[in-house]
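For reference, positions follow the sequence shown, starting with 1. Worth knowing before you read on, the calculation uses all heavy atoms, side chains too, and leaves out hydrogens, waters and symmetry mates. Whatever order the structure lists them in is the order used to number ligands and atoms, beginning at 1.
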Amino acid sequence: MIVERLAVIGAGTMGRGIIEVAATHGVMVRAYDINDDVCAKAAATLRTSIERGIKRGKVSGGSADPYMQRVTFSCDLAETVCDAQFVIEAIPEIQELKLKTIGELDRLAPAGVVLASNTSSLSITKLAAATGRPERVVGMHFFNPVPVMAPVEIVRAEQTSEITMTETLEFGRQLGKEAFAVADVPGFAVNRILMPLINEAVFALQEGVADARTIDSLMKLGCNHPMGPLELADFVGLDVCLWILQVLHRELGDPKFRPCPLLARKVDAKHLGRKTGRGFYEYPRKE
Ligand code: NAD
């Protein structure tokens with residue numbers, strides 16, 4: 001099945017990336033965000049990002065206009081999903097919020113349409129159970145920044161049908177991604193491995209093994225990683241890292257996933273990384 005009409009719920013960091021990738025791959029997109037201000041600014045941010053892609057030769061054509069014409073933003077959820085062939089939610093990583101929203105999407109989206117969640121760590125099986133179409137619920141875990149990062153994890157819940165997996169893997173490829181099927185376990189494949197690495201780097205910093213720059217330089221040069229773990233944590237968001245570690249710790253019950261106290265302290269201080277201008281490093285605002 002070729003998806004021609006996509007609904008994206010949540011136009012934050014990830015939602016905007018998904019909208020961009022869909023629009024630049026020929027898909028008509030209706031996007032919804034609960035915050036009027038986000039809706040009002042999302043179009044301008046999207047245009048800038050597409051223009052950057054054109055300049056770098058990643059997006060074809062000379063203007064963002066034809067891509068922008070495929071996208072509409074709305075603060076009306078029912079209107080957003082009424083004629084969708086596929087729905088992806090990218091709202092904050094809060095289980096109660098995702099459960100409530102997927103229930104609403106189930107009520108409002110056409111029968112049989114796939115409801116996909118971009119959650120980083122929450123159970124797709126629980127989300128599926130909150131709907132009347134559990135076999136059509138699936139995880140679609142993109143990576144940040146979505147227009148740049150190649151993979152997408154397609155997460156099979158207990159209830160996800162074979163046809164839903166096949167269609168979602170195909171849709172991931174339609175969006176130009178390398179789509180991989182993974183099981184519905186906390187953190188799926190990438191975050192299950194990445195977050196303990198980041199957490200251990202924070203423990204090393206806390207214990208004075210070395211300063212942040214040294215830890216990152218050693219990991220880049222010694223392990224051939226393009227970014228150091230602390231630099232990467234700042235990019236992902238320290239709050240996001242903490243949430244994922246808390247889910248891994250709670251769901252898997254293994255003390256090796258316990259979040260480092262220094263990470264929790266940074267989040268308490270609202271030093272969340274790049275998005276707040278300060279995390280393990282400082283990011284002066286550009287004038
Ligand atoms: P974000 O905070 O940048 O964006 C979330 C957006 O959702 C905001 O614009 C907010 O206004 C909107 N929103 C809040 N409640 C809503 C509701 N009820 N209905 C509609 N919109 C609502 O967050 P993000 O980083 O884009 O993360 C979104 C999801 O993607 C999370 O589940 C996160 O775990 C996942 N994810 C994040 C990353 C990352 O690196 N940031 C990577 C992969 C997956």
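Atom 30 (O) of ligand 1 is flagged as protein-proximal [any protein heavy atom, distance under 4.0 Å]. Counting protein heavy atoms under 4.0 angstrom from atom 21 (N) of ligand 1 gives one or more.
Of the protein's non-hydrogen atoms, Y32 CE2, 3.5 Å is the one closest to atom 19 (N) of ligand 1. What sits closest to atom 9 (O) of ligand 1 on the protein, heavy atoms only, is D33 OD2, 2.7 Å. P92 CD, 3.3 Å is the protein heavy atom nearest to atom 14 (C) of ligand 1. When hydrogens are left out, the protein atom nearest atom 26 (O) of ligand 1 is M14 N, 2.8 Å; that is the closest non-hydrogen contact. Looking only at protein heavy atoms, the nearest one to atom 34 (O) of ligand 1 is S120 OG, 2.7 Å. When hydrogens are left out, the protein atom nearest atom 23 (O) of ligand 1 is T13 N, 4.7 Å; that is the closest non-hydrogen contact. Looking from atom 4 (O) of ligand 1 to the surrounding protein, the closest heavy atom is G12 CA, 3.2 Å. Protein heavy atom closest to atom 16 (C) of ligand 1, with residue, atom name and distance, is I34 CG2, 3.5 Å.
Only side-chain heavy atoms of V38 come within less than 4.0 Å of ligand 1; its backbone N, CA, C and O stay farther off. If you look at K100 next to ligand 1, there are no close heavy atoms at all, none under 4.0 Å. When non-hydrogen atoms are compared, ligand 1 lies under 4.0 Å from neither the backbone nor the side chain of F143.
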>> Working note: E79 + S74, criterion side chain to side chain donor-acceptor pair (under 3.5 Å); need CA distance, chi angles, decisive distance, verdict.
In response: CA-CA 8 Å; E79 183 189 83; S74 164; 3.2 Å; yes
>> Between R16 and E20, does the salt bridge (charged side-chain N to carboxylate O under 4.0 Å, His left out) criterion hold? Intermediate values first, please.
In response: CA-CA 6 Å; R16 280 198 307 273; E20 177 175 339; over 6 Å; no
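Under a hydrophobic clustering in which Ile, Leu, Val, Met, Phe, Trp and Tyr are joined whenever their side-chain heavy atoms come within less than 4.5 Å, directly or via other members, F188 and I154 fall into different clusters.
Panel note: side chain E89, backbone T101; no donor-acceptor pair is recorded below 3.5 Å. Here the side chain of T131 pairs no donor or acceptor atom with the backbone of L127 at under 3.5 angstrom. No donor-acceptor pair closer than 3.5 Å links the side chain of E170 to the backbone N or O of I2.
For N224, the CG atom counts as loosely surrounded, since its 6.0 Å shell holds 12 or fewer non-hydrogen atoms of other residues, nucleotides or ligands. For NZ of K126, the number of neighbouring non-hydrogen atoms (other residues, nucleotides, ligands) closer than 6.0 Å is 12 at most. Within a 6.0 Å radius of CD in Q206, other residues, nucleotides and ligands contribute more than 12 heavy atoms.
A donor-acceptor contact closer than 3.5 angstrom links the side chains of T119 and E93.
Residue contacts with ligand 1 do not include V240, since none of its heavy atoms lies under 4.0 Å from the ligand. Within the structure, the closest approach of G237 to ligand 1 does not fall below 4.0 Å when heavy atoms are considered. Contact analysis puts K98 in contact with ligand 1, with a non-hydrogen atom separation below 4.0 angstrom.
Each of the following atoms of ligand 1 lies closer than 4.0 Å to a heavy atom of N35: 11 (O). Within the listing of ligand 1, atoms 32 (O) sit less than 4.0 angstrom from a heavy atom of T119. Taking every non-hydrogen atom of H141 and a distance limit under 4.0 Å, the qualifying atoms of ligand 1 come out as 43 (C), 44 (C).
With salt bridges taken as basic N to acidic carboxylate O contacts below 4.0 Å, none links K270 and D239. We find that D37 and K41 are joined by a salt bridge, their nearest charged nitrogen and carboxylate oxygen being less than 4.0 Å apart.
With A11, A90, S117 as candidates, the residue nearest to atom 5 (C) of ligand 1 on a non-hydrogen basis is A90. Of the listed options N144, I244, D239, N144 places a heavy atom closest to atom 41 (N) of ligand 1.
Residues A179 and R173 share a closest heavy-atom pair of O-NH2, 3.4 Å.
The shortest N or O to N or O distance between E93 and ligand 1 is under 3.5 Å.
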